[in-house]
Colleague: 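Got a structure for you, written out below as structure tokens; questions coming shortly.
Keep in mind that this is a model prediction, so the values were computed, not measured. Every chain is numbered from 1, with letters handed out A, B, ... down the list of sequences.
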Amino acid sequence: MNRYERFVDQWLPIIWKAVLETFQMVGISLLFAVVIGIALGILVVLTRPGQALANKFVYQIINLIINIVRSVPFIILLFFILPFTKAIVDTTIGVRGAIVPLVVYTAPYIARLIESALLEVDAGVVEAYTAMGVKTRKIIWNVILREARPSIILGLTIATVSLIGATAMAGMVGAGGLGDLAYRFGYLRYEVDVMYATVFLLIVIVQIIQSFGNRLAAKLKKD
Amino acid sequence: MIKLEHVTKKFEVNKKTITAVNDVNIDVKKGEIHGVIGYSGAGKSTLIRCVNLLEKPTEGDIYINNQKITDLSPNNLRTVRTKIGMIFQGFNLLKTATVYDNIALPLKLLGFDKKEVKKRVEKYLKIVNLEDKANNYPAQLSGGQKQRVAIARALSQEPEVLLSDEATSALDPETTESILDLLLKINKEFGITILLITHEMNVIQKVCDYVYVLESGQIVEQGSTIDLFTSPQQPTTKKFLSTISQRNLSNSLIEQLNVTGSVTRLTFVGESTGKPALAEVSKLFNVTPNILTANIIELKNGVVGNIVIHLNGNSQDVNKALQYLEEQGVHTEQLRGEN
């Protein structure tokens, strides 16, 4: 057996498990974060002064919450909200325990990205549809969100990549994943090959996600 | 059909009140095309956006088809708005939708069924001459074609009234002509009443029955297009007119031409345009006219001609000649000493 075969034999099952854990964490938390983030993003745009549902109070509250959460680094947020995590999923460890802080961390980020994507939409188009007598609710769904789709896709791509970065730290609560693998085996145990392999895998995964996002956005964008 | 009564719009900017539109009255009868002309910053855009309440007027009322719309509930206002088409300088099309979908989407959102949507999209694409572009995206179209799509979109709701917010200002002269022809066509064929705003005098010249001159939010002069072109009163109106026809000679030019005696502008309108009045003058009186500049403008409802002449002769004969011209229906104005 050469070095390569030995490495595959010894590490492939472990790396594969870590990849699955990473995908699991990213997938589940992305799902929740997107739902919450898009809702928050739409709300923060609509309650802006001068917009359809202008409400200074709601606008400033949401803004404040987003800013507070966004200013806490993930590694600190992870421990800071332990009681909240416990209350929601009844555990603070493992993949389940990691998902709550990952969502809390990513949702406000997505909200900001959605906000900027929605604000990019030409106000003139919204005005044209208002002038045609179309209901505000329909304008939000069929005009604003539709026109913002390319920017939203790009934003979600960025959010996904940063979410993958955050899952590396989820190893701290025993959630596993590629980042955890690289840290525990590659760094603490001097298994350099494992470190290289995980870093390589992360690069490939991020590349694939980014290219997919870019391509989808370009396809939706028609100018 | 479109009636504005004492409409005023004020904005609060940095705790200062700015009056963008000041006590404006407009009355467009069914089937007519009226134009508001003014420089940028005069309040034109705010004014036209008040008509369909995109801006809510601070004071005054707006009537569409004799219905007062300034105090309608949001629901009823939406219903009224479906009967008021609007086109914009920036076209305001969806970038992510094809030409077909740009026209179809509003209809779908307003609750028309699929068959009706398809029927209308096809009908109005044909009217604006863009059937072959149905599957193109706006980015693949020229400015004029985009405006045609916007016009088809407005028409597809079969409005009674069309508002045009500088619809030709972003277009080159030739394209402007073709869009104006299209506006005239839909005005004639569908009897759609049009209120437009512009800063271009040739738009007024080509399509408008009646003109309002807006300055600092106020209408400083108004009248039928012919009247305004024949005898403008306000400096702003005169300035706008001189953008499309030479009505004056500057003092320095008169000096250079080395003419002595009176320099007069003759304005011919309607029937008098066709008469050889100037030739008769030299026969009847002891004067010899020398034409310094001349032009003729075709308006929607008539023709206006301007001739700037220098009349040689003694002042008595000159006065008699001018009087005769006035009697023939020619409007005369002494230019010497004027800029």
Colleague: More than 12 heavy atoms of other residues, nucleotides or ligands under 6.0 Å from CZ of A:Phe32: yes or no?
Modeller: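 No, the 6.0 Å shell around CZ holds no more than 12 heavy atoms from other groups.
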Colleague: Starting at CG of A:Asp122, measure out to CZ of B:Phe88 and round the result to the nearest 0.5 Å.
Modeller: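 A:Asp122 atom CG to B:Phe88 atom CZ measures 10.0 Å (nearest 0.5 Å).
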Colleague: Run the side chain to side chain contact (heavy atoms under 4.5 Å, CB included) check on B:Gln157 and A:Met132 step by step: do they pass?
Modeller: CA-CA 8 Å; B:Gln157 295 187 36; A:Met132 286 188 273; 3.0 Å; yes
Colleague: Quick check: are there more than 12 heavy atoms from other residues, nucleotides or ligands sitting under 6.0 Å from NZ of B:Lys3?
Modeller: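 Not buried by this count: 12 neighbours or fewer within 6.0 Å.
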Colleague: More than 12 heavy atoms of other residues, nucleotides or ligands under 6.0 Å from CG of B:Asp71: is that the case?
Modeller: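 Buried by this count: over 12 neighbours within 6.0 Å.
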Colleague: Heavy-atom pairs under 4.5 Å with chain B are the metric here; pick the option from A:Ala123, A:Ala131, A:Pro150 that has the most.
Modeller: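 Most heavy-atom pairs under 4.5 Å with chain B: A:Ala131.
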Colleague: State which residue, out of B:Asn52, B:Leu54, B:Leu53, fulfils the side chain to side chain contact (heavy atoms under 4.5 Å, CB included) condition with A:Thr130.
Modeller: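 Passing option: B:Leu54.
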Colleague: Which bit of B:Leu93 is near chain A, if near means a heavy-atom gap under 4.5 Å: side chain, backbone, both or neither?
Modeller: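 For B:Leu93, the contact with chain A is made by the backbone alone.
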Colleague: Search all heavy atoms of B:Asn92 against all heavy atoms of A:Ala128 and return the closest pair with its distance.
Modeller: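 For B:Asn92 versus A:Ala128, the nearest heavy atoms are CB-CB, 3.9 Å.
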Colleague: With a cut-off of 6.0 Å (strictly less than), are more than 12 heavy atoms of other residues, nucleotides or ligands near NZ of B:Lys10?
Modeller: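 It does not: B:Lys10 NZ has 12 such atoms or fewer within range.
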Colleague: Nearest 0.5 Å, please: how far is CG in A:Asn142 from CG in B:Leu94?
Modeller: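 Result: 9.5 Å between the selected atoms.
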Colleague: Given the options B:Gly90, B:Ala97, B:Gly85, which has more heavy-atom pairs under 4.5 Å with chain A than any of the others?
Modeller: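 Heavy-atom pair counts peak at B:Ala97.
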Colleague: Using a 4.5 Å cut-off on heavy atoms from C-beta on, say whether the side chain of A:Glu147 contacts that of B:Lys95.
Modeller: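 SC-SC contact between B:Lys95 and A:Glu147 confirmed.
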Colleague: Drop me the distance from A:Leu220's CG to B:Thr96's OG1, to the nearest 0.5 angstrom.
Modeller: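 Going from CG on A:Leu220 over to OG1 on B:Thr96, the span is 8.0 Å.
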Colleague: Hey, is CZ on A:Phe84 packed in by over 12 heavy atoms from elsewhere, all under 6.0 Å?
Modeller: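 No, because the 6.0 Å sphere around CZ of A:Phe84 holds 12 heavy atoms or fewer from other groups.
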Colleague: State the NZ-CZ distance between A:Lys135 and B:Arg78, to the nearest 0.5 angstrom.
Modeller: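 Rounded to the nearest 0.5 Å, the NZ-CZ separation comes out at 5.5 Å.
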Colleague: Has B:Ile18 got more than 12 heavy atoms of other residues, nucleotides or ligands less than 6.0 Å from its CD1?
Modeller: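 More than 12 heavy atoms, drawn from other residues, nucleotides or ligands, come within 6.0 Å of this atom.
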Colleague: Give, as side chain, backbone, both or neither, the part of B:Ala150 having an atom under 4.5 angstrom from any heavy atom of chain A.
Modeller: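 No part of B:Ala150 comes within 4.5 Å of chain A.
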Colleague: Mind checking the CZ-OH spacing from B:Arg153 to A:Tyr129? Nearest 0.5 Å is all I need.
Modeller: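 Reported value, rounded in 0.5 Å steps: 5.5 Å.
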Colleague: Can you measure from CG (B:Leu105) to CZ (A:Arg146) and round to the nearest 0.5 angstrom?
Modeller: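 Going from the CG atom of B:Leu105 to the CZ atom of A:Arg146 covers 6.0 Å.
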Colleague: With a 4.5 Å cut-off on heavy-atom pairs, point out which of B:Pro159, B:Ala154, B:Pro106 contacts chain A the most.
Modeller: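 Among the listed options, the one with the most contacts to chain A is B:Pro106.
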Colleague: Give a yes or no on whether B:Glu158 atom CD has more than 12 heavy-atom contacts from other residues, nucleotides or ligands under 6.0 Å away.
Modeller: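 For B:Glu158, atom CD is crowded (more than 12 foreign heavy atoms under 6.0 Å).
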Colleague: Under 6.0 Å from the CZ atom of B:Phe112, do we count more than 12 heavy atoms belonging to anything else shown?
Modeller: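 Buried by this count: over 12 neighbours within 6.0 Å.
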